[in-house]
Amino acid sequence: MKKHWWKALAVVIMTYVIWVGLLGTVPRQPILNESIRNVYFHVPLWFSMLILMLTSMIFAIRYLRKGRLDDDHISVEFANAAILYGLLGCATGSLWASVTWGDPWPNDPKLNSVAVGMLMYFAYLILRNSFDDELRRARISAIYNIFAFAVFVPLIFVLPRLTDSLHPGNGGNPAFGQYDMDNGMRMVLYPSVIGMTLIGVWMTQLRVRLRRLRDRLDNVNDVQPKAHTTAE
């Protein structure tokens with residue numbers, strides 16, 4: 001149980017976030033109204049996604065340094081979890097945009113940058129599936145992973161700030177924390193980031209275990225035919 005305390009913590013945190021996030025009191029702001037509750041879900045999804053992407057890149061660097069395939073497995077599964085969070089972030093963002101802007105995906109620099117960034121990570125998955133050689137796949141995808149993260153961060157944080165944008169915190173449009181986030185909302189927002197990150201790590205851990213089991217089964221299947229051949 002000592003090794004799994006953080007999983008129990010993730011469940012407790014997310015239960016708290018969902019309960020208070022949906023039923024707790026929130027500031028009454030024009031246009032936003034009840035949709036401001038999406039701050040508890042949309043924003044943490046993106047913060048957690050970036051943490052998972054960063055971790056994926058770190059394990060990609062570890063693979064290039066040490067050459068351990070297990071590091072590659074961990075790297076790709078963190079990337080998979082990050083991509084899932086990115087898709088959920090886009091979905092919650094589109095829902096929010098429909099309510100506040102009247103369009104689920106307006107022609108906005110921030111949103112377009114996010115779309116390009118997500119396509120870069122989809123290309124990462126496609127790249128991995130284009131190689132049969134395991135070592136070559138791991139090496140090239142690790143290099144691409146580092147490149148993708150290095151481009152993704154300025155793409156969604158720097159470039160949208162250089163032009164006008166509807167999205168809060170970009171193009172002169174103030175972020176939520178500057179004018180309508182109170183301490184009550186922060187008491188839900190910050191735990192939500194922690195809880196979603198822990199859930200992402202949990203999903204990654206399960207996927208990595210599955211990959212290791214598949215590798216062991218493949219090794220057993222490779223050894224058995226050789227044993228039969230030797231016996232004959």
Side-chain angles (χ1 to χ4, degrees), residues 1-56 74 77-106 108 110-111 114-115 117-118 121 156-157 166-170 173-210:
M1 183 63 185
K2 291 181 180 179
K3 295 181 180 179
H4 304 291
W5 64 268
W6 59 273
K7 298 176 184 178
L9 178 63
V11 173
V12 171
I13 289 176
M14 291 312 302
T15 301
Y16 162 76
V17 168
I18 293 171
W19 180 265
V20 180
L22 295 179
L23 300 179
T25 58
V26 292
R28 301 299 175 184
Q29 295 295 332
I31 300 176
L32 291 174
N33 299 316
E34 288 293 322
S35 72
I36 197 173
R37 297 180 187 276
N38 205 6
V39 168
Y40 301 139
F41 306 100
H42 174 68
V43 177
L45 279 168
W46 282 105
F47 277 115
S48 300
M49 177 198 69
L50 288 170
I51 294 171
L52 296 173
M53 285 181 175
L54 174 62
T55 308
S56 175
I74 297 173
E77 292 305 342
F78 268 112
N80 283 332
I83 291 171
L84 173 62
Y85 275 26
L87 292 175
L88 293 175
C90 288
T92 53
S94 294
L95 181 63
W96 206 357
S98 297
V99 175
T100 57
W101 301 335
D103 189 343
W105 199 281
D108 183 81
K110 178 78 169 185
L111 303 185
V114 166
M118 293 304 300
Y121 273 89
I156 66 171
F157 286 114
L166 293 170
H167 197 280
N170 297 278
N173 194 0
F176 283 109
Q178 295 180 10
Y179 69 99
D180 60 6
M181 282 280 289
D182 58 19
N183 290 331
M185 291 193 71
R186 292 187 179 91
M187 291 298 291
V188 183
L189 175 64
Y190 298 153
S192 182
V193 174
I194 296 172
M196 288 189 182
T197 301
L198 291 176
I199 294 294
V201 173
W202 193 352
M203 290 190 297
T204 300
Q205 184 186 69
L206 293 175
R207 292 277 300 178
V208 170
R209 287 180 178 178
L210 181 60

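The figures that follow rest on heavy atoms only: side chains count, while hydrogens, waters and symmetry mates do not.
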Undergrad: Could I get the full list of side-chain contact (heavy atoms from CB on, under 4.5 Å) partners for V188, not counting sequence neighbours?
TA: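 side-chain contact (heavy atoms from CB on, under 4.5 Å) check on V188 returns Y16, V17, V20, Y40.
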Undergrad: A10 and G195: which non-hydrogen atoms are nearest, and at how many Å?
TA: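 Nearest pair, atom of A10 first, then G195: CB-O, 4.3 Å.
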Undergrad: Please tell me if the side chains of I36 and M185 come closer than 4.5 Å, counting only heavy atoms from C-beta onward.
TA: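 They are in side-chain contact.
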Undergrad: Taking side-chain contact (heavy atoms from CB on, under 4.5 Å) as the test, write out the residues that go with L9, two or more places apart.
TA: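 So L9 forms a side-chain contact (heavy atoms from CB on, under 4.5 Å) with W5, I13, L198.
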Undergrad: Can you list the residues that meet the side-chain contact (heavy atoms from CB on, under 4.5 Å) rule with T100, with sequence neighbours excluded?
TA: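 Scan of T100 (side-chain contact (heavy atoms from CB on, under 4.5 Å), adjacent residues dropped) gives I31, L32, S35, W96.
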Undergrad: Would you say the side chain of F78 lies within less than 4.5 Å of the side chain of I51, judging by non-hydrogen atoms?
TA: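 I51 does not reach F78 side chain to side chain.
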Undergrad: Using the test side-chain contact (heavy atoms from CB on, under 4.5 Å), find all partners of L210 that sit at least two apart in sequence or belong to another chain.
TA: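 Counting only residues at least two positions away or on another chain, L210 forms a side-chain contact (heavy atoms from CB on, under 4.5 Å) with R214.
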Undergrad: Side chain to side chain donor-acceptor pair (under 3.5 Å): which pairs involve residues 192-202, sequence neighbours left out?
TA: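 Qualifying pairs: S48-T197.
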Undergrad: Which distance, rounded to the nearest 0.5 Å, do you find between the CG of L45 and the CG of L50?
TA: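 If we round to the nearest 0.5 Å, L45:CG and L50:CG are 11.0 Å apart.
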Undergrad: To the closest 0.5 Å, what do you measure between CD1 (I199) and CG (L52)?
TA: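 It comes to 11.0 Å.
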Undergrad: Using the ring pair (Phe, Tyr, Trp, His ring centres under 6.0 Å) criterion, which residues pair with Y121? Sequence neighbours excluded.
TA: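 Ring pair (Phe, Tyr, Trp, His ring centres under 6.0 Å) check on Y121 returns F152.
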Undergrad: What's the separation between atom CD1 in I194 and atom CG in L189, rounded to the nearest 0.5 Å?
TA: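 Rounded to the nearest 0.5 Å, the CD1-CG separation comes out at 10.0 Å.
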Undergrad: Taking only residues two or more places apart in sequence or in another chain, which ones pass side-chain hydrogen bond (donor to acceptor under 3.5 Å, both in side chains) with N80?
TA: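 N80 satisfies side-chain hydrogen bond (donor to acceptor under 3.5 Å, both in side chains) with E77 once adjacent residues are dropped.
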Undergrad: Please identify each residue that fulfils side-chain hydrogen bond (donor to acceptor under 3.5 Å, both in side chains) with T55, with sequence neighbours left out.
TA: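 T55: no side-chain hydrogen bond (donor to acceptor under 3.5 Å, both in side chains) contacts found.
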Undergrad: Does anything in residues 32-53 form a salt bridge (Lys or Arg N to Asp or Glu O under 4.0 Å)? List the pairs, not counting sequence neighbours.
TA: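 Found R28-E34, E34-R37.
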Undergrad: Report, one line per pair, each donor and acceptor closer than 3.5 Å where one atom sits in a side chain of residues 81-92; sequence neighbours left out.
TA:
residue, atom, partner, partner atom, Å
Y85, OH, M196, O, 2.5
Y85, OH, G200, N, 3.1
T92, OG1, H42, ND1, 3.0
T92, OG1, L88, O, 3.0
T92, OG1, G89, O, 3.0

